[in-house]
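Single-structure report; data block below.
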Amino acid sequence: MRARCLIPVLSLLPLSALSCHAQAASPQRWTPTAIASDQYESSPTFTPDGRELYFMRSDRSFGRYRLLMSRCENGAWSAPVPPPFAGPAAAQEADPYVSADGRRLYYVSSRGGTDPDDLDIWRVERSADGLWSKPQRLPAPVNSTASELLPREDADGTLYFGSSRPGGPGLTDIYVGRPRNGGGWDVSLLGPPISTAEQEYEVEISRDGRQLILVGQRGDGRSHLYRYQREGGRWVANGRVPAREDVFQVGPLLSPRGDRVLFGQVASERDFGELFLADLQPQVDADWPPRCGE
């Protein structure tokens, strides 16, 4: 299995086959002009001031992917460049996430390993002068000999992530890592209805901890975005994010209020992917995603 974990599912059909029967969908294409390309942009994340955007860009088959960043400068998003902590050119790197306070950025990388398809979770920290620290690989049991995906930190410092490690009910499942007061981590499976015998790759958690967006394959051979609501200490299914049925979605990011979600999706029959924005409530914060030059 390839490191991205989505590869076995998405490669069942070429992307052209997935997108050839395009249907109208409610999400609106959002990708800024400077960031859009003929490749696949996904997994966006913003700094709290809305002035920096980090994301991943992959080739159309998700066989090669890198981290990029763009700044809001002179009223427009700048041409994307690798962030200062990016690994060597041979490394695969993806799934950035800036913590709510802007002090930490998590991502996955194959750097430092012998297998370019084995992704681990890494973290950088931001100093008072705005500089990112040297990347640090998180220890076991957060990381494993399998691949980890899309790290997300909640308000309590709990880390949610996908992993293809053995021991779960499916080929890939969702795990929760809780830091110990004295150091180290406790990691446990996030069980049903989130992790099942099917394939679940990624989760995004709302700021208040009451909403969850799951990226999973549930029956049709493609990965879609499933919504869950926390009720009485358990997760309850709440339908799907409105998006195209004939293509996959990946890399969701909820707004701070949890009323909108950005994600990656095939944009046209030319098979490139861009960022799309979906409203999850009738009344939403129109100032998110952060505006630049509007």
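Along the sequence shown, residues are numbered consecutively beginning with 1. Computed from a prediction, not measured in an experiment: that's the story for all the values here.
Between the CD atom of Glu204 and the CG atom of Leu262 there is a distance of 10.0 Å, given to the nearest 0.5 Å. Distance check, rounded to the nearest 0.5 Å: CG of Leu280 to OG of Ser206 gives 10.5 Å. How far CZ of Phe276 is from OG of Ser26: 11.0 Å, rounded to the nearest 0.5 Å. Taking OG of Ser37 as the reference point, atom CZ of Phe272 lies at 8.5 Å (rounded to 0.5 Å). With rounding to the nearest 0.5 angstrom, the OG atom of Ser109 is 11.5 Å from the CD1 atom of Ile121. Taken from OG in Ser58 to OH in Tyr65, the straight-line distance is 8.5 Å, to the nearest 0.5 Å.
Side chain to side chain, Ser110 and Asp118 fail the donor-acceptor criterion of an N or O pair below 3.5 Å. Neither side chain, Glu52 nor Thr47, offers a donor N or O lying under 3.5 Å from an acceptor on the other. Between the side chains of Gln217 and Glu198, not a single donor N or O lies within less than 3.5 Å of an accepting N or O. A donor atom on one side chain and an acceptor atom on the other are found under 3.5 Å apart for Arg165 and Ser163. No side-chain donor-acceptor contact under 3.5 Å links Thr158 and Asp156.
By the 4.5 Å heavy-atom criterion applied to side chains, Met56 and Leu68 are not counted as neighbours. A 4.5 Å side-chain heavy-atom check between Pro252 and Glu202 finds at least one atom pair inside the cut-off. Contact of the Tyr54 side chain with the Leu67 side chain is not registered, since no non-hydrogen atoms from C-beta on lie closer than 4.5 Å. In this structure, Leu150 and Phe161 have side chains that are not in contact, with every pair of non-hydrogen atoms separated by 4.5 Å or more. Looking at Pro141 and Tyr175, their side chains never come closer than 4.5 Å, going by heavy atoms from C-beta outward. Taking the side chain as every heavy atom from C-beta outward, Leu53 and Pro44 approach each other to under 4.5 Å. Using a 4.5 Å heavy-atom cutoff, the side chains of Pro151 and Val108 are in contact. Contact of the Phe263 side chain with the Leu253 side chain is not registered, since no non-hydrogen atoms from C-beta on lie closer than 4.5 Å.
With Tyr228 as the partner, the side-chain contact (heavy atoms from CB on, under 4.5 Å) test is satisfied by one option alone out of Ile205, Leu214, Val203: Leu214. Partner of Leu212 under the side-chain contact (heavy atoms from CB on, under 4.5 Å) criterion, chosen from Leu190, Ile174, Leu254: Leu190.
By the 6.0 Å and 45° rule, Arg240 stacks over the aromatic ring of Tyr226.
The cluster map of Ile, Leu, Val, Met, Phe, Trp and Tyr, joined by side-chain heavy atoms under 4.5 Å apart, puts Leu189 and Tyr201 in the same cluster. No chain of hydrophobic side-chain contacts below 4.5 Å, direct or via other Ile, Leu, Val, Met, Phe, Trp or Tyr residues, connects Val81 to Leu275.
Asp287 pairs by the salt bridge (Lys or Arg N to Asp or Glu O under 4.0 Å) definition with Arg291, not counting sequence neighbours. Under the side chain to side chain contact (heavy atoms under 4.5 Å, CB included) criterion, Ala36 pairs with Thr31, Glu274, sequence neighbours left out. Every residue two or more places apart in sequence or in another chain that forms a side chain to side chain contact (heavy atoms under 4.5 Å, CB included) with Pro179 is listed here: Trp185. Not counting sequence neighbours, the partners of Arg218 by the salt bridge (Lys or Arg N to Asp or Glu O under 4.0 Å) test are Glu200. Residues forming a side-chain hydrogen bond (donor to acceptor under 3.5 Å, both in side chains) with Thr45 (at least two apart in sequence, or on another chain): none. Not counting sequence neighbours, the partners of Tyr106 by the side-chain hydrogen bond (donor to acceptor under 3.5 Å, both in side chains) test are Arg123, Glu153. Every side chain to side chain contact (heavy atoms under 4.5 Å, CB included) that Gln229 has, sequence neighbours left out, goes to Arg210, Gln211, Glu231, Asn238. Listed by chain and number, the residues in a side-chain hydrogen bond (donor to acceptor under 3.5 Å, both in side chains) with Arg260 are Asp279 (sequence neighbours excluded). Legend: residues meeting side chain to side chain contact (heavy atoms under 4.5 Å, CB included) with Arg137, ordered by chain and number and at least two apart, are Asp120, Trp122, Asn143.
Between the Gln249 side chain and the Val247 main chain, a donor and an acceptor come within less than 3.5 Å of each other. In this structure a side-chain-to-backbone donor-acceptor pair under 3.5 Å is present from Arg57 to Ile35. Of the possible polar contacts, none joining the Ser70 side chain to the Ala79 backbone as a donor-acceptor pair under 3.5 Å is found. Within the 3.5 Å criterion, the main-chain N or O of Gln265 finds a donor-acceptor partner in the side chain of Tyr40. Looking only at distances, a side-chain donor or acceptor of Glu93 sits under 3.5 Å from a matching main-chain atom of Gly87. Formation of a donor-acceptor pair under 3.5 Å by the Ser223 side chain with backbone atoms of Val215 is not found in this model. No donor-acceptor pair closer than 3.5 Å links the side chain of Ser164 to the backbone N or O of Thr172.
Scanning all heavy atoms of the two residues, the minimum distance from Ser78 to Ala34 falls at O-CB, 3.9 Å. Pairing each heavy atom of Pro48 with each of Ala100, the nearest pair is CG-O, 3.4 Å. The heavy-atom pair separating Pro290 from Trp77 by the smallest distance is O-CZ2, 4.0 Å.
Ion pairing between a basic and an acidic side chain is recognised when a charged N comes within 4.0 Å of a carboxylate O; Asp49 and Arg51 show no such pairing. Taking the charged nitrogens against the carboxylate oxygens, Glu125 and Arg104 have no contact shorter than 4.0 Å, which rules out a salt bridge.
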Leu159 vs Leu138, side-chain contact (heavy atoms from CB on, under 4.5 Å): CA-CA, chis, key distance, verdict: CA-CA 11 Å; Leu159 199 64; Leu138 269 62; 3.6 Å; yes
Working for side-chain contact (heavy atoms from CB on, under 4.5 Å), residues Leu277 and Arg29: CA-CA 6 Å; Leu277 177 65; Arg29 191 183 305 184; over 6 Å; no
Trace of the side-chain contact (heavy atoms from CB on, under 4.5 Å) decision for Asp259 with Asp285: CA-CA 7 Å; Asp259 55 358; Asp285 180 4; 3.7 Å; yes
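The hydrophobic cluster of Val236 has no other members, since no ILVMFWY side-chain heavy atom comes under 4.5 Å of it.
Below 30°, between 30° and 60°, or above 60°: for Trp30 and Phe46 the angle between ring planes is above 60°, a perpendicular geometry.
Ring centroids of Phe85 and Tyr107 are separated by less than 6.0 Å, placing the two rings close together.
Counting non-hydrogen atoms of other residues, nucleotides and ligands closer than 6.0 Å to CD of Gln283 gives a total of 12 or fewer.
Residue pairs satisfying the salt bridge (Lys or Arg N to Asp or Glu O under 4.0 Å) criterion with at least one member in residues 166-192, sequence neighbours excluded, are listed as follows: Arg180-Asp186. Within the structure, disulfide bond (SG atoms under 2.5 Å apart) contacts touching residues 51-102 (residues at least two apart or in different chains) are Cys72-Cys292.
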